[in-house]
Enquirer: 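Quick one: structure below, then a few questions.
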Amino acid sequence: MMRFMLLFSRQGKLRLQKWFTSMSDREKKKIIRDMTTMVLARQPRSCNFMQWKDLKIVYKRYASLYFCLGVESQENELLALEIIHRYVELLDKYFGNVCELDIIFNFEKAYFILDEFLMGGEVQETSKQIVNRSIEASDMLQEDDSSEWYEVELFG
Amino acid sequence: MPAVSKGDGMRGLAVFISDIRNCKSKEAEIKRINKELANIRSKFKGDKALDGYSKKKYVCKLLFIFLLGHDIDFGHMEAVNLLSSNKYTEKQIGYLFISVLVNSNSDLIRLINNAIKNDLASRNPTFMNLALHCIANVGSREMAEAFASEIPRILVAGDTMDSVKQSAALCLLRLNRTSPDLVPMGEWTARVVHLLNDQHLGVVTAATSLITTLAQKNPDDFKTSVSLAVARLSRIVTSASIDLQDYTYYFVAAPWLSVKLLRLLQCYPPPEDAALRSRLTECLETILNKAQEPPKSKKVQHSNAKNAVLFEAIALIIHHDSEPTLLVRACNQLGQFLQHRETNLRYLALESMCTLASSEFSHEAVKTHMETVINALKVSLPQFGSRDVSVRQRAVDLLYAMCDRSNAKQIVAEMLSYLETADYSIREEIVLKVAILAEKYAVDYTWYVDTILNLIRIAGDYVSEEVWYRVIQIVINRDDVQGYAAKTVFEALQAPACHENLVKVGGYILGEFGNLIAGDSRSSPLVQFNLLHSKFHLCSVPTRALLLSAYIKFINLFPEVKATIQDVLRSDSQLRNADVELQQRAVEYLRLSCIASTDILATVLEEMPPFPERESSILAKLKKKKGPGKLPDMDDSRRSVNGNTEHSENTDTTNKSSTHSFTDVLNLNSAPSSGANLLIDVFSESSASPAATEVSEENFPRFVCKNNGVIYENQLLQIGLKSEYRQNLGRMYVFYGNKTSTQFLSFSSSVSSSDLNIHPKAVDPVIEGGAQMQQILNIECVSDFSDAPVLNIQFRYGGALQNIAVKLPVMLNKFFQPTEMTSQDFFQRWKQLGAPQQEVQKIFKAKHSMDTEVAKAKILGFGVALLDGVDPNPANFVGAGVVHTKSTQVGCLLRLEPNMQAQMYRLTLRTSRDSVSQRLCELLSEQF
């Protein structure tokens, strides 16, 4: 399973944090610090994987943002890399050419999209269409809050 | 302003985020945030009821502030209110806040659970999903208790929507991981397994994750999943890439599901049913075949997804470890990847081959790739060598795993030559690996001795004590190598600059076996002695101590140099050495050589007896460094590959039959004997340094009632402390005094604490001889705690690395503020704190004389106010104070009753928290 996903900028500013197991704030802060320093120190064209304690760290940079996943040791690194990519695709589809600012100003949306895709540290739904449809459906609910829930069904 | 603001943007939130981004400094940001917090607080507290939108907006702002790294201590109630809103967006923000800022406050958990219960019962799939996500995100025990029986029902109900089934499966998986005892599977098992046949691939993917985790724990209960998983996998790998519609990822059919199915199959041995088995073999062959087909897309996503499935299939093949053809094909496939231009694939191939090397069927096949792996280490060959340290690390791991008697010499030689340029971060590990391989595969021990001396020459700083202890242990135990060892160290010591570790090994070996080479005039006793003594003045105290022992051994071995050595021992620099240990040795050895008869000398200074065979301390150290699973040691890795209960009987037999049988000359794998501190006991005679990094807490109790003094002292270093505390904050001044006349280099210190926030100021890396350096530690007490922090110090003194760990006297009572109170107040509170767990009492014997004034001083030093005239018995002491932590304040009352006649005390503490009462009682009772 995945233990956490972090998004941070090239300057090491944290943009999103998702924890899939319960951890104390201290532990979280330590992980965030370790990840940003380790990942930012990597040479370009290094491989996307690292060993850190008992975890595999899989990271990839998209434009100004680093996406960093901590997964347990039996997980498949290449697929973890593609989890990151699929999340970027989902963000891209939603925001239209997503950039760091979109995630800063719409952090709650970034969380909602992630929650449609991953749950409890596992992949919940890998189909881009299905995830997009449910995000769109909840946006419809947002725009017309008085609507009944079966609106979701119309798109499902 | 954001380029996009979809849905219903919250304008106020966007403005606030812009403001924060425009802040020029940290201070400005904090100021802006405090202003916002005050505003939100007043809105929440105001008389006017807030509408849902405003509540949502403010909760969202709080969330943003929290994610910036600030603490949020209110707003939870408003977030919980949002949960019961019937507007989706408000509910959604409420759940997000709860998921991110879980609070263990039990009242709230009950309210949250109530909202979840309503949403689960709503039959509205969107709301149900939100609720299930919240359970999975928080995953607390209370939630497991409330919902563990409900969720399986939702999962297998016929009318549950697909998206809800997916959430329910993963939610159940999460609860099973956190509170397995609360998730009863029994009656649901068959229906959950049946989900593998579901029409919806998303449901199958989620269910496979759940079943895999459950099957790891109870393989028998989920046995039926094997045939379903094989059938499903077979349909996927043979499908045309468009069949699976949106589950095809860059022309690869359902990669996530495929990998999960392959993972599920790794919970079981190969299927016994022949038809099933051959169907699975077909699947695996198809996957291997696909790797040879031309790619359907140039995109890296295509090759990643395809290779992800391939690597997982190889993992299954290695796990089964039963089909030699598949194993060899897997190995050849990995061999291709070893030379791939993608760094990622090289890395994974090295990692995967490491496990393959432990299979008896493929060990030989793996060995054929040795040259390629060795090339991966060569930075000078850019077409093979990788600049990436993680890849080279893997290459070293693999070489270690593929090493056997046939290739040991070559692999050790390559690792040694790589060591000269290796990254600092992995040098110590390479040193350990070389030392282990050299010992494990040594046929003739001259090669072993050469290898270790080379190690010291190339990477002396990274050769830990275990390594040089071990070479001495082996030389002492094997008389066929002693002469060679003496000759070789003698030659190595000729070098004008040699590492201090070499001087240690040289001193020890010549002291024991110098006589074996003394016949040659080029290495006569006097030459040997002069050689050793020429290094003496450049060495650290422990090494000098060892050399002095070597000298006295020389006196016994070679009576002809006795006078020379006595002169050396008698010189002022020895007899009056500032170092106590050296001075004592010089005095004692000199006296011993003067008064003892030859017979007595010969008995006292007899050759060291052979060491008992124990587990190699080097191996133990490597294991500790890498963690148990990470060592590709033959036996270990086979056990973890096949490590499920189903298979364990087979494993035993394969284990016995797998006969690369490394003749375990030195009993490398034997269990460590009870006091496995190894040579430390033997060496304590010759080495004055304390055993590595045992935490010193000798002086710790002295600091319970005072704040200043010397906390640690050895021959090199003195550490003094001065500290002051106010409420929950403290500041400690640490003074490091260099007692020697030599510089301490690379001085560094760190503090590890599990409960306190401690920020040490940076220190200078050099402490001059005789000088003192000050370091300031800022301390914050977050909540009540019992473990004291540990100060770790490292520095180089004359080439030897010193590690010191000292327990710092920061205890709970340091955060006391004394409280004066009247007799009436005291007894009123005393009664209020009457619950049994709030009181802790201890009756104990006095360890010091029972002096009233001393006792008073100690109680005041403990931090509480001493209250006169409260206790009816004037001989008793009564005190009161408040312990300040960041999160709470805990009031504390104490009473100490001396009984002079019995020489006993009775100490009673009452506080509102049992952990605090307990800890304070432990601390104070030790003081009398």
Side-chain angles (χ1 to χ4, degrees), chain A residues 1 14 16-17 20-22 26 29 43 45-51 53-54 73-74 76-79 81-83 85-86 94-96 99 101-102 104-109 111-112 115 119-130 134 137-139 141-143 145-146 149 152-153 156, chain B residues 2-8 14 17 21 60 63-64 67 69 87-89 92-93 96 102 124-127 133 136 138-140 163 166-167 170-171 173-174 178 201-202 205-206 209 246-247 249 255-256 259 263 301 304-305 307-308 311-312 343-344 346-348 387-388 390-391 393 627 629:
Chain A
M1 72 175 288
L14 192 63
L16 198 81
Q17 44 175 315
F20 297 107
T21 53
S22 40
R26 269 184 75 88
K29 283 193 177 139
Q43 301 276 343
R45 272 174 295 129
S46 296
C47 74
N48 297 88
F49 317 127
M50 285 181 289
Q51 185 76 35
K53 301 198 172 160
D54 59 337
S73 60
Q74 76 278 14
N76 192 305
E77 290 98 333
L78 286 173
L79 264 196
L81 209 48
E82 294 318 300
I83 285 177
H85 186 76
R86 171 101 317 167
Y94 183 80
F95 290 107
C99 68
L101 274 186
D102 292 322
I104 297 173
F105 278 96
N106 301 284
F107 68 95
E108 80 282 11
K109 285 284 187 307
Y111 270 111
F112 298 150
D115 274 350
M119 179 173 178
E122 301 285 346
V123 176
Q124 176 176 217
E125 180 51 81
T126 64
S127 157
K128 196 153 71 171
Q129 283 173 20
I130 295 184
S134 53
S138 60
D139 266 352
L141 285 175
Q142 303 212 339
E143 273 158 23
D145 260 335
S146 57
W149 62 267
V152 191
E153 287 297 273
Chain B
V4 186
S5 180
K6 274 203 171 185
D8 66 331
I17 296 176
R21 285 179 55 77
C60 217
L63 192 55
F64 180 77
L67 291 171
K87 289 192 179 168
Y88 175 68
T89 61
Q92 198 184 21
I93 292 289
L96 180 61
V102 208
N124 172 338
T126 319
F127 288 4
H133 263 282
V138 177
S140 73
S163 68
Q166 283 164 275
S167 304
L170 295 178
C171 185
L173 168 56
R174 172 82 163 96
T178 47
L201 285 192
T205 310
S209 294
D246 207 31
Y247 289 92
Y249 181 82
W256 276 281
V259 164
R263 166 71 41 73
Q301 283 75 28
N304 277 354
N307 292 327
F311 273 108
E312 207 60 51
T343 322
N344 284 346
R346 290 207 301 274
Y347 176 93
L348 295 174
R387 290 170 48 206
D388 190 334
S390 25
V391 173
Q393 163 89 61

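Proteins get letters first, then strands, A, B, ... in listed order; numbering begins at 1 in each. Both backbone and side-chain heavy atoms feed into the values below; hydrogens, waters and symmetry mates do not.
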Enquirer: How long is the gap from CD1 on Ile93(B) to CD on Glu108(A), to the nearest 0.5 Å?
Expert: 5.0 Å
Enquirer: Nearest 0.5 Å, what's the OH-NE2 distance between Tyr249(B) and His85(A)?
Expert: 4.5 Å
Enquirer: Using heavy-atom distances under 4.5 Å, tell me whether Ile104(A) contacts chain B through its side chain, its backbone, both, or neither.
Expert: both
Enquirer: Testing the 3.5 Å rule here: is there a donor-acceptor pair between the side chains of Ser390(B) and Gln51(A)?
Expert: no
Enquirer: Lys29(A): what forms a side-chain contact (heavy atoms from CB on, under 4.5 Å) with it, not counting sequence neighbours?
Expert: none
Enquirer: What part of Phe49(A) is in contact with chain B, defined as an atom under 4.5 angstrom from a non-hydrogen atom: side chain, backbone, both or neither?
Expert: both
Enquirer: What part of Thr178(B) lies closer than 4.5 angstrom to a heavy atom of chain A: side chain, backbone, both or neither?
Expert: neither
Enquirer: Give, as side chain, backbone, both or neither, the part of Gln17(A) having an atom under 4.5 angstrom from any heavy atom of chain B.
Expert: side chain
Enquirer: Any heavy-atom pair between the side chains of Gln166(B) and Glu125(A) that's under 4.5 Å?
Expert: yes
Enquirer: I need the minimum non-hydrogen distance between Gln301(B) and Glu82(A), along with the two atoms involved.
Expert: CG-OE1, 3.0 Å
Enquirer: Report the relative orientation of the aromatic rings in Phe107(A) and Phe64(B); use parallel for angles under 30°, tilted for 30 to 60°, perpendicular for over 60°.
Expert: tilted
Enquirer: Counting only non-hydrogen atoms closer than 4.5 Å, does Leu81(A) touch chain B with its backbone (N, CA, C, O), its side chain (CB onward), both, or neither?
Expert: side chain
Enquirer: List the residues meeting side-chain contact (heavy atoms from CB on, under 4.5 Å) with Asp115(A), not counting sequence neighbours, and say none if there are none.
Expert: Lys18(A), His133(B), Asn137(B)
Enquirer: Using heavy-atom distances under 4.5 Å, tell me whether Leu96(B) contacts chain A through its side chain, its backbone, both, or neither.
Expert: side chain
Enquirer: Examine whether an atom of Leu348(B) lies under 4.5 Å from a heavy atom of chain A, and if so say whether it belongs to the side chain, the backbone or both; otherwise answer neither.
Expert: side chain
